[in-house]
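Notes to accompany the following structure.
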Amino acid sequence: MEAGERGLQTNYVSGTSQMERKKHHLLPPSKSASEEIIKAKSSEGSYCKRNSYPGRNAYENRSALVMRDEKDSLGHDRGQENFHLGQRSHVRETLRLFQAVCRKLLHEEEAKPNRQNSHKRVDYLVARILKDKKKYIPVDKKVIGSVPGVEVGDEFQYRVELNMIGLHLQIQGGIDYVKHEGKILATSIVASGGYDDKLDNSDVLIYTGQGGNVMNGGKEPEDQKLERGNLALANNIHEQNPVRVIRSDTKAFEYRTYIYDGLYLVERYWQDVGLHGKLVYKFKLARIPGQPELSWKVGLCVDDISQGKELIPNCAVNTVDDEMPPKGCDCTNGCSKLEKCACVAKNGGEIPYNHNRAIVQAKPLVYECGPSCKCPPSCYNRVSQQGIKVQLEIFKTEARGWGVRSLNSIGPGSFIYEFVGELLEEKEAERTTSNDKYLFNIGNNYNDGSLWGGLSNVMPDAPSSSCGVVEDVEYGNVGRFVNHSCSPNLYAQNVLYDHEDKRMPHKMLFAAENISPLQELTYHYSYVIDQVYDSSGNIKKKSCFCGSSECTGLVNLSN
DNA sequence: GGGACCTCAGATAA
DNA sequence: CTTATCTGAGGTCC
């Protein structure tokens, strides 16, 4: 295999013939960028990259498309695999950064007393900033077929995110296309119900063409023309090249999401009379078989999934005893007067959460309003104390025993659950730890880089320093089932609200990124190297199967 | 109070 | 340089 070809490969294989396959392997991201990434990532823990991608339910049994490739030529596909994994962390990093800065700016907007001259479109603003800072995934030419690093089931909050990672390069347009050998071919579409589409749950999608002022109510409706996006989609039929489909789910839990639904082929198109009486184009797209099932489809039968399995009840109240609580704030208006609120002061002058209850950024310690505060439960500074909001489920993973996943989409910064454990002095922890208990340090997530100075460090991948040892005991909640990952999607945040003992903060787990339904929740067990010994004095290590490209392959703990 | 509808400013690619 | 575009926020109406 030529090194240069590596980047040309996409994960897509439709037919069996080499000729057919070639059609779908077009227009890669830049070769130099790909090679750089491969170099940077492939040396890290390669043997750990087994069956699953980091924390993705739908990928545990991997895409059949890739499997087929692996049969063809093993060496070749390992390179491709590495490339994908490298790109994947790149993609995740980019999205996290975007989301983190969005939360930050949104937070600032919310704090403004009058919203007159405020930026209404935080998404555009942040997109611009990241573009200027060259944080976008570089795209030399538009990719036809799978985009490396993006997997079926991935979810996004804003359209610009699709643009940022090269999944769909139109900011608002629904049909993205590229010129190829004198013809325009559609590369991706966004189906969000703006037009009169048939968006049922089958693998067939009837997509309405663009134009005709269907979306623009101000103008006279016209017949749609077979040009631009419509022409591109029509051309796809002859070329048989795949189209990436991104669906919008407006009925998602909490907020709307865009979901990457995988590759489709345009089968035919026709004209129809639209709602306004003018002609529109309709395109029939069929999902290419062999791709991972979409979780939102599975989500339609949530009841089936949860049957016979344990659904987690609301988070157990913490185990801290009832010492006299400290004095809280006297705010009666939900602590919106920042300069007057005692709790806000403890947080450095701001409420650490957005109005949508997402934590803005990791801090060494977050002070929520507590029982002694006069503010109502609806106060923006009461989030994690209100317990689990997402539906969690314990499930059997492929290679890691039991794990935990959510039945809902989870927005970045959302509170997930409280780790209920018991604080122990380190020595005592060593002494009392038996083989089957979880023992690990909970780091504090303090990150000193200012947002603008250290953009890439806004939301840490893993706790950094340690400040105590927690042992999960028998009354431990869902946290005991959450697996370790070297590139986790949760992180632990210290929170105080019902007492002021900084040695015993609540360990609250928040989402570090957008998490799709049924995707496994993981976090970094921030262990301290060489700290855990077995009974004969040997350091305990355990193979790690998290599948992350950053995986070291070993977890130093007894598990 | 929430959902459906409207309006309007918008950034970018074509 | 226009112009089109399955945004996204905010408002209104029921």
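Letters go in sequence order (proteins before strands), and every chain restarts at 1.
Contact annotation: A/Tyr255 does not reach the phosphate of C/dA9 (side-chain N/O to OP1 or OP2, under 4.0 Å). Taking side-chain N and O atoms only, A/Tyr258 has a distance below 4.0 Å to OP1 or OP2 of C/dT7. Within the 4.0 Å cut-off from OP1 or OP2 of C/dC6, not a single side-chain nitrogen or oxygen of A/Thr208 is found.
Counting to the nearest Å, the P atom of C/dA4 and the CD atom of A/Gln210 are 12 Å from each other. Atom C1' of nucleotide C/dT7 and atom CG of A/Leu125 are separated by 15 Å, given to the nearest angstrom. One interatomic measurement links the two molecules: NZ of A/Lys282 to P of C/dC6, which rounds to 13 Å at whole-angstrom precision. Rounded to whole angstrom, the span from the CG atom of A/Asn230 across to the P atom of C/dA4 amounts to 14 Å. Taking atom CG on A/Asp261 and atom P on C/dC6, their separation rounds to 19 Å, with Å as the unit. Between A/Glu109 atom CD and C/dA9 atom P there is a gap of 12 Å when expressed in whole angstrom units. The distance between atom OH of A/Tyr195 and atom C1' of C/dT5, rounded to the nearest whole Å, is 7 Å. As rounded to whole Å, 14 Å separates atom P of C/dA9 from atom CZ of A/Arg159.
Heavy atoms of A/Tyr207 sit under 4.0 angstrom from at least one base atom. Residue A/Gly193 is in base contact, counting any heavy-atom pair closer than 4.0 Å across all strands shown.
Ring pair A/Phe283/A/Tyr269: centre-to-centre distance below 6.0 Å.
Residues A/Arg287 and A/Asp261 are paired through a salt bridge, judged by an N-O separation under 4.0 Å between the basic side chain and the carboxylate. Ion pair A/Lys363/A/Glu350 flagged as a salt bridge, since at least one NZ, NE, NH1 or NH2 atom sits closer than 4.0 Å to an Asp/Glu carboxylate oxygen. Ion pair A/Arg405/A/Glu393 flagged as a salt bridge, since at least one NZ, NE, NH1 or NH2 atom sits closer than 4.0 Å to an Asp/Glu carboxylate oxygen. Ion pair A/Lys284/A/Glu267 flagged as a salt bridge, since at least one NZ, NE, NH1 or NH2 atom sits closer than 4.0 Å to an Asp/Glu carboxylate oxygen. Residues A/Asp154 and A/Arg88 are paired through a salt bridge, judged by an N-O separation under 4.0 Å between the basic side chain and the carboxylate.
Base pairing annotation: C/dT12 forms a Watson-Crick or G-U wobble pair with B/dA4, both donor-acceptor distances under 3.5 Å.
Side chain of A/Asn381 to backbone of A/Tyr367: a donor-acceptor contact under 3.5 angstrom is found.
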> Stepwise, does the side chain to side chain donor-acceptor pair (under 3.5 Å) test hold for A/Lys282 with A/Thr208?
Replying inline: CA-CA 5 Å; A/Lys282 296 281 185 182; A/Thr208 306; 3.0 Å; yes
Enumerate the protein-to-nucleotides 10-14 of chain B contacts in which both atoms are nitrogen or oxygen and the separation is below 3.5 Å.
from   : atom 1 : to       : atom 2 : distance (Å)
B/dG10 : N2     : A/Gln172 : OE1    : 2.3
B/dG10 : N2     : A/Gln172 : NE2    : 2.6
B/dG10 : N3     : A/Gln172 : NE2    : 3.3
B/dT12 : OP2    : A/Arg128 : NH2    : 3.4
B/dA14 : OP1    : A/Lys142 : NZ     : 2.6

Got a list of protein N/O to nucleotides 2-6 of chain B N/O distances below 3.5 Å?
none

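Relative to the ring axis of A/Tyr353, A/Arg357 does not place its NZ or CZ within 45° and under 6.0 Å from the centre.
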